[in-house]
Amino acid sequence: MARSAPRSPEPGRVVGPGFHARVHERVRQVPPGWVTSYGDVAAALGARSVARHVGFALAALPAGSDVPWHRVVTARGTVAALGSSVARTQARRLRAEGVRVAPNGRVQEFSRRRWLFLDGTSPGQW
DNA sequence: GGTTTGACCATAA
DNA sequence: CTTATGGCCAAAC
């Protein structure tokens, strides 16, 4: 049988083997010009409480990845880790898509640009 | 195979 | 507004 089939988390659990891959897949669904939050991605995967792990999964992305990680901000609509090199890259890439980001990292009209993953399966629901 | 490293969120005071 | 706390664990080294 499959000697290294895509592992899945144990029943009742959201995080587990392959978690990073599932996070990346979700983030790929966010269209240009839209943003979402770590917690929203976590909720789409089944549990808001794992928002932190979504951050971990994005931090683990290799440079040059096709995952649009820059479209993921905090639940308060601000760029995370402000001041860091990734934050500056993120703000630049967002502005390039027409998303206005204030100098303090706040995404303007965040609630209006927030992508909600309504197309996906989210057991957790809102 | 144990240790290290990570970009969060809700709530309370 | 700030600080603290509990929730959460894979992947790379």
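Note on naming: letters A, B, ... go to the chains in the order of the sequence lines (proteins, then strands), and numbering restarts at 1 for each one. Side chains are part of it too, since the values below use all heavy atoms of this structure and drop only hydrogens, waters and symmetry mates. Note that the coordinates shown come from a computational prediction; the quantities given were computed from them, not determined experimentally.
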Open item on the list: For the CZ atom of A:Arg22 and the NE2 atom of A:His53, what is their distance to the nearest 0.5 Å?
Closed with: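 A:Arg22 CZ to A:His53 NE2: 12.0 Å, rounded to 0.5 Å.
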Open item on the list: Please report the interatomic distance CH2(A:Trp115) to CG(A:Asp40), rounded to the nearest 0.5 Å.
Closed with: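 Reported value, rounded in 0.5 Å steps: 12.5 Å.
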Open item on the list: Are A:Arg93 and A:Glu97 packed together at the side-chain level, in the sense that at least one heavy-atom pair is separated by less than 4.5 angstrom?
Closed with: no
Task: Side chain proximity check, A:Arg76 to A:Phe110, heavy atoms < 4.5 angstrom - done: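 Side-chain contact under 4.5 Å: no.
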- [ ] With DNA chain C as reference, determine whether A:Ala21 or A:Ser49 sits nearer its 5' end, using the nearest nucleotide of each.
- [x] A:Ser49
Open item on the list: For A:Ala60 and A:Ala51, find the nucleotide of DNA chain C closest to each by heavy atoms; which residue's nucleotide sits nearer the 5' end?
Closed with: A:Ala51
Measure from [atom1] on [X] to [atom2] on [N] and round the result to the nearest Å.
| X | N | atom1 | atom2 | answer |
| --- | --- | --- | --- | --- |
| A:Arg76 | B:dA7 | CZ | P | 16 Å |
| A:Leu45 | C:dA10 | CG | P | 14 Å |
| A:Arg22 | C:dC8 | CZ | C1' | 14 Å |
| A:Phe19 | C:dA11 | CZ | P | 9 Å |
| A:His53 | C:dC9 | NE2 | P | 6 Å |
| A:Leu58 | C:dC8 | CG | C1' | 15 Å |
| A:Arg114 | B:dC9 | CZ | C1' | 11 Å |

Between [M] and [N], how far apart are the [atom1] atoms? Round to whole Å, please.
| N | M | atom1 | answer |
| --- | --- | --- | --- |
| B:dA7 | C:dG6 | P | 22 Å |
| B:dT4 | C:dC8 | P | 23 Å |
| B:dG6 | C:dG7 | P | 24 Å |

Open item on the list: Let's test your reading of the model: under 3.5 Å, does the base of C:dC8 pair with the side chain of A:Arg52 as donor and acceptor?
Closed with: yes
Task: Any A:Arg48 side-chain nitrogen or oxygen under 4.0 Å from OP1 or OP2 of B:dA10 - done: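 Answer is yes, contact under 4.0 Å.
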